[in-house]
*Asks:* 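Provided herewith is a single structure, encoded as structure tokens, for subsequent inquiry.
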Amino acid sequence: MPELNSVVIKRTDIAPGLMILRVAPTGWELLPFKPGQFAVLGLPAEAPRSATSLPEEPEAREAFPRRAYSIASSSLDREYLEFYIVEVKTGALTPRLFALQQGGRLWLGPKVAGLFTLDQVAPERNLVFLATGTGLAPYMSMLRTHLDAAGTRRLAVIHGARHVQDLGYREELFRLQGDHSNFQYIPVITQPKGEPEPWRGAIGRLQEFWQSRPLEEAWGANPTAADTDLFLCGNPGMIEAMQKVLEGEGFTEHTRKQPGQLHFEKYW
Ligand SMILES: Cc1cc2nc3c(=O)[nH]c(=O)nc-3n(C[C@H](O)[C@H](O)[C@H](O)COP(=O)(O)OP(=O)(O)OC[C@H]3O[C@@H](n4cnc5c(N)ncnc54)[C@H](O)[C@@H]3O)c2cc1C
């Protein structure tokens with residue numbers, strides 16, 4: 001059984017079942033990582049589940065569930081890793097992560113991995129980061145690490161969530177937008193009814209919202225394959241729907257053999 005080699009140094013609850021968790025190694029050093037990469041968290045089956053969770057399927061029970069989580073912190077922060085996590089109520093690991101408070105111990109895999117990084121993109125090209133839910137995490141790491149040195153390239157985050165309260169990191173993203181004229185933050189919600197404050201922002205699913213050419217005004221032209229790479233992260237349904245739309249606009253998937261402008265990280 002792996003040793004619980006790390007500790008929660010900060011937990012921020014964003015909304016029910018949605019949190020930001022900072023995890024620090026105890027007695028060992030984090031390895032360097034590239035923004036966009038993921039680490040692995042784990043807890044034993046004996047660890048308690050959150051009060052809000054539902055029972056897991058008995059046949060799905062694992063002795064030591066471990067899962068991948070995109071790193072949200074800057075790669076310049078060497079003391080801890082930050083994660084943005086949603087609770088899957090019947091899941092094996094997340095209900096146990098949601099039972100952790102500050103000081104709680106867990107396993108953090110010492111290796112980081114993943115090819116969903118900016119290494120694949122020439123430095124002068126513009127970047128559009130599309131995410132649903134916690135798929136925002138890798139972009140937080142990219143922006144926190146690189147935005148100050150981004151030069152004249154344009155960057156945009158288009159973040160889809162159900163409700164306003166589920167738009168984690170929105171204060172930080174609005175602040176980054178205010179501080180960087182080359183960066184746009186566009187939150188989009190799918191369920192505007194019942195918001196405590198009337199929502200004046202964008203509404204709809206990302207694949208439909210994209211058709212409204214949301215960057216045309218700020219960028220002076222709609223992004224094209226000639227000048228922009230798009231990163232898509234989170235819900236596989238959104239990624240597949242967006243891929244169809246974007247391929248219709250001339251973008252192609254990036255692979256090692258066939259360079260293109262679309263980069264994907266599917267969470268399940
Ligand atoms: C490269 C990579 C990076 C990831 N990064 C993150 C991250 O930063 N934050 C994060 O919350 N998750 C992330 N995930 C998903 C994560 O690895 C787990 O799958 C998720 O936390 C569920 O684990 P579980 O053991 O609780 O559920 P399981 O018992 O493994 O149940 C899995 C099922 O839960 C559902 N599911 C999985 N992820 C989600 C999700 N995010 N939202 C809604 N339903 C989901 C799917 O139906 C999936 O089949 C990432 C996955 C990959 C492959």
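Numbering of ligands and ligand atoms starts at 1, following listing order. All heavy atoms count here, side chains included; hydrogens, waters and symmetry mates do not.
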*Asks:* Tell me the nearest of Trp268, Phe38, Phe83, Phe116 to atom 49 (O) of ligand 1, using heavy-atom distances.
*Replies:* Trp268

*Asks:* Do Tyr69 and Phe38 have their ring centres less than 6.0 Å from each other?
*Replies:* no

*Asks:* Distance to 0.1 Å, residue and atom name: give those for the protein heavy atom nearest to atom 41 (N) of ligand 1.
*Replies:* Val86 CG1, 3.4 Å

*Asks:* To check your reading of the model: name the closest protein heavy atom to atom 15 (C) of ligand 1, its residue, and the distance in Å.
*Replies:* Tyr267 O, 3.7 Å

*Asks:* Using 4.0 Å as the upper bound for N to carboxylate O, is an ion pair formed by Glu82 and Lys10?
*Replies:* no

*Asks:* Are any of the side-chain heavy atoms of Phe116 and Gln37 separated by less than 4.5 Å?
*Replies:* no

*Asks:* Looking at atom 14 (N) of ligand 1, what's its closest protein heavy atom, distance included?
*Replies:* Ala68 O, 3.4 Å

*Asks:* Report yes if some heavy atom in the side chain of Pro44 is under 4.5 Å from a heavy atom in the side chain of Leu4; otherwise report no.
*Replies:* yes

*Asks:* Measuring from the heavy atoms of Tyr69, does anything fall under 4.0 Å of ligand 1?
*Replies:* yes

*Asks:* Below 4.0 Å, non-hydrogen atoms only: which portion of Tyr84 touches ligand 1? Side chain, backbone, both or neither.
*Replies:* backbone

*Asks:* Any side-chain heavy-atom pair from Tyr80 and Pro25 closer than 4.5 angstrom?
*Replies:* no

*Asks:* Side chain, backbone, both or neither: which applies to Lys266 and ligand 1 if a contact is any heavy-atom pair less than 4.0 Å apart?
*Replies:* backbone

*Asks:* Side chains of His159 and Val188: closer than 4.5 Å at any heavy-atom pair?
*Replies:* no

*Asks:* How close does the nearest protein non-hydrogen atom get to atom 10 (C) of ligand 1, and which residue and atom is it?
*Replies:* Thr134 OG1, 3.3 Å

*Asks:* Just need the protein heavy atom nearest to atom 27 (O) of ligand 1, so name the residue and atom and give the distance.
*Replies:* Gly91 CA, 3.4 Å

*Asks:* Please tell me if the side chains of Tyr84 and Leu18 come closer than 4.5 Å, counting only heavy atoms from C-beta onward.
*Replies:* yes

*Asks:* Could you check atom 26 (O) of ligand 1 against the protein and tell me its nearest heavy-atom contact, residue, atom and distance included?
*Replies:* Thr94 OG1, 2.6 Å

*Asks:* Indicate whether atom 33 (C) of ligand 1 is within a distance of less than 4.0 angstrom of some protein heavy atom.
*Replies:* no

*Asks:* Do His163 and Gln191 make a side-chain contact, defined as non-hydrogen atoms from C-beta onward lying under 4.5 Å apart?
*Replies:* yes

*Asks:* For atom 28 (P) of ligand 1, which candidate among Ala60, Ser70, Ala92 holds the nearest heavy atom?
*Replies:* Ala92

*Asks:* Measuring from atom 23 (O) of ligand 1, which candidate in Glu62, Glu265, Arg67, Glu57 has the nearest non-hydrogen atom?
*Replies:* Arg67

*Asks:* Would you mind finding which of Leu18, Val40, Leu21, Val88 brings a heavy atom closest to atom 36 (N) of ligand 1?
*Replies:* Val88

*Asks:* For Ser6, run the side-chain contact (heavy atoms from CB on, under 4.5 Å) check against Val23, Leu30, Leu41, Leu81 and tell me which one passes.
*Replies:* Val23

